Amino acid sequence: MFRTTQGFAMVAICAGAALVARASDPQAPSINPRQTIALPQPEVASDPAPVEPVISSITLSPDGRHVVTAGDDHQVRVWLRDSQQGLVLATQYGNHSDWVRAAAFRPDGLVLATGGDDRRVRFWDFPEGQSPVVLPGVLVGIRAMAFSPASEQLAVVGFEPQVHIYEGESGRVERELVAPGGDLRTVAFSPNGAQLAAGGREGTVRLWRTADGTVLHDLSAGSHRVSALQYSDDGTSLAVGSDDCKVRLWNPETGSLVTELAAQPGRVMALCFCGPDRLAVGRSTNDIELWDLGSHQIVLRLTGHTGSVAALAFASQDGVLVSGGFDCTIRLWDVQ
């Protein structure tokens with residue numbers, strides 16, 4: 001497992017383009033987090049060595065009151081957002097037997113779905129979390145999942161070319177869609193539910209029409225692995241981040257490339273829209289950048305993580321960005 005040194009090998013690959021971009025950009029101010037929570041480390045070494053609470057997934061409840069984090073220690077933690085104390089641990093789910101890579105709330109807020117290296121998708125009644133339902137079908141390691149906006153479907157991807165579509169209420173298997181490559185890392189529904197996008201190792205993002213599974217577009221993000229993607233809130237833009245250190249913005253209706261943000265050091269590991277015209281980018285160099293998409297400039301740098309930033313989520317209710325990563329910390333940032 002990589003910790004604070006992860007991503008530095010990739011700096012050399014991206015450094016040339018990044019230095020040119022930074023030379024022409026104004027120096028963006030840095031801010032410190034509002035709150036930092038360090039997750040407890042294993043107290044006793046054992047054979048095999050105990051796993052550490054590396055964070056690979058963060059998701060917010062639809063009402064913004066809860067934050068869910070998951071990661072390498074097989075735990076799913078539910079945090080309550082308290083206006084005075086910040087994040088307060090409310091409960092913990094421990095039924096997974098391996099790294100939990102993905103978590104997603106059903107938009108009605110009644111179910112939390114989780115999955116990871118134990119190859120199982122679980123539906124938890126939220127917030128009680130008692131006796132999770134294990135969905136049918138065995139996958140290779142799960143890497144990402146997303147619910148459709150109206151809660152009808154759950155899309156799940158992992159180390160294979162198939163996108164598994166489950167019925168959002170019962171959890172039964174509806175269909176499988178096939179994407180280029182054999183290693184899918186990220187998946188998302190459009191805000192209106194009409195499109196589904198997924199990407200991975202081959203560097204291509206495939207878009208389908210969700211009504212019938214028809215392929216709409218294949219977006220080429222180069223030869224490097226696609227690691228993160230997200231639709232803007234209005235659905236007019238699809239942000240795609242990859243291992244070539246670049247973020248590309250596409251028009252999902254036409255499949256045309258709109259713009260490519262100047263490359264920065266470090267692989268892109270997480271993306272998160274923070275309102276209609278700002279995009280947060282988490283990188284393997286421990287950095288988070290906040291881009292203004294109108295000017296294509298970095299307006300804030302969020303510094304403090306000492307390991308790769310693997311997960312981001314934005315609370316639109318109060319303009320707080322939540323981040324987590326390989327340094328086993330959760331951080332809250334005022335970015336509004």
Side-chain angles (χ1 to χ4, degrees), residues 59 102 104-107 113 115 121 137 139-140 142-169 172-244 246-261 268 270-273 276-277 279 281 291 293:
T59 187
F105 272 102
R106 203 168 68 187
V121 178
L139 311 175
V140 294
I142 297 165
R143 284 297 176 270
M145 57 178 59
F147 274 102
S148 62
S151 304
E152 305 108 323
Q153 295 178 321
L154 174 71
V156 180
V157 299
F159 284 135
E160 56 184 344
Q162 284 80 23
V163 181
H164 299 262
I165 307 296
Y166 294 89
E167 201 277 325
E169 183 72 28
R172 67 177 178 83
V173 178
E174 279 195 358
R175 64 161 67 120
E176 290 183 355
L177 305 174
V178 179
D183 174 6
L184 298 177
R185 294 302 179 98
T186 181
V187 66
F189 282 95
S190 62
N192 64 4
Q195 287 188 2
L196 178 68
R201 182 175 63 194
E202 192 167 289
T204 298
V205 175
R206 176 161 287 180
L207 274 60
W208 296 268
R209 184 165 54 228
T210 55
D212 57 9
T214 299
V215 176
L216 297 174
H217 307 292
D218 280 341
L219 314 179
S220 176
S223 59
H224 292 79
R225 181 175 58 197
V226 173
S227 52
L229 57 82
Q230 190 180 36
Y231 285 89
S232 60
D233 289 344
D234 62 5
T236 61
S237 183
L238 177 65
V240 177
S242 61
D243 283 1
D244 65 358
K246 296 179 181 178
V247 176
R248 298 171 175 88
L249 297 171
W250 301 80
N251 182 322
E253 289 300 319
T254 64
S256 58
L257 181 64
V258 177
T259 192
E260 182 179 290
L261 301 181
V268 177
L271 294 173
C272 183
F273 277 94
D277 56 359
L279 180 71
V281 181
W291 290 79
L293 299 180

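The model shown is predicted, which means the values in this text are computed figures rather than measured ones.
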Taken in chain and number order and not counting sequence neighbours, the residues that satisfy salt bridge (Lys or Arg N to Asp or Glu O under 4.0 Å) with Glu169 are Arg106
Strictly distance-based, threshold 3.5 Å: is any side-chain N or O of Arg143 a donor or acceptor partner for the main-chain N or O of Leu184? no
Stepwise, does the side-chain contact (heavy atoms from CB on, under 4.5 Å) test hold for Val187 with Val156? CA-CA 7 Å; Val187 66; Val156 180; over 6 Å; no
Distance col, row Asn251:CG vs Thr259:OG1, nearest 0.5 angstrom, shows 13.0 Å
| query | Under 3.5 Å, is there a donor-acceptor pair between the side chain of Ser242 and the main chain of Ser227? | reply | no
When you measure from the side chain of Thr210 to the backbone N and O of Gly193, does any donor-acceptor pair fall under 3.5 Å? yes
Heavy atoms of Tyr231 and Pro252 approach each other most closely as CE2-CB, 3.8 Å
ask   = Under the 3.5 angstrom rule, does the side chain of Ser232 hit a backbone N or O of Ser237 as a donor-acceptor pair?
value = yes
_For Arg185 and Phe159: C-alpha separation, side-chain torsions, deciding distance, then whether side-chain contact (heavy atoms from CB on, under 4.5 Å) applies._
CA-CA 8 Å; Arg185 294 302 179 98; Phe159 284 135; 3.1 Å; yes
Here the pair of heavy atoms bringing Ala113 nearest to Phe147 is CB-CE1, 3.8 Å
**OP:** Kindly indicate whether the side chain of Val163, heavy atoms from C-beta on, has any atom under 4.5 Å from the side chain of Trp208.
**Re:** yes
His217 side chain vs Glu253 backbone, donor-acceptor pair below 3.5 Å:
yes
Value for OG1 (Thr214) from CG (Leu207), rounded to nearest 0.5 Å, stands at 12.5 Å
Heavy-atom nearest pair, Val268 first then Leu271, reads CG1-CD2, 3.9 Å
CZ of Arg248 to CD of Glu260, rounded to nearest 0.5 Å, is 4.5 Å
Any side-chain heavy atom of Leu229 within less than 4.5 Å of one from Leu238?
yes
Mark yes or no for whether Gln230, through its side chain, and Phe273, through its backbone, hold a donor-acceptor pair below 3.5 Å. yes
**Side chains of Phe189 and Gln153 in contact at under 4.5 Å (non-hydrogen atoms)** = yes
Hits for salt bridge (Lys or Arg N to Asp or Glu O under 4.0 Å) against Arg175, two or more places apart or cross-chain, chain-then-number order -> none
So OG of Ser190 and CZ of Arg209: to nearest 0.5 Å the spacing works out to 12.5 Å
Residue set satisfying side-chain hydrogen bond (donor to acceptor under 3.5 Å, both in side chains) with Glu202, at least two apart, ordered chain then number -> none
- How about Ile165 and Val173: do any of their side-chain heavy atoms sit closer than 4.5 Å? no
For Leu219 and Gly255 the tightest heavy-atom approach is CD2-O, 3.6 Å
For Ser148 and Pro107 the tightest heavy-atom approach is O-CG, 3.2 Å
For Gln162 and Glu176 the tightest heavy-atom approach is CG-OE1, 3.5 Å
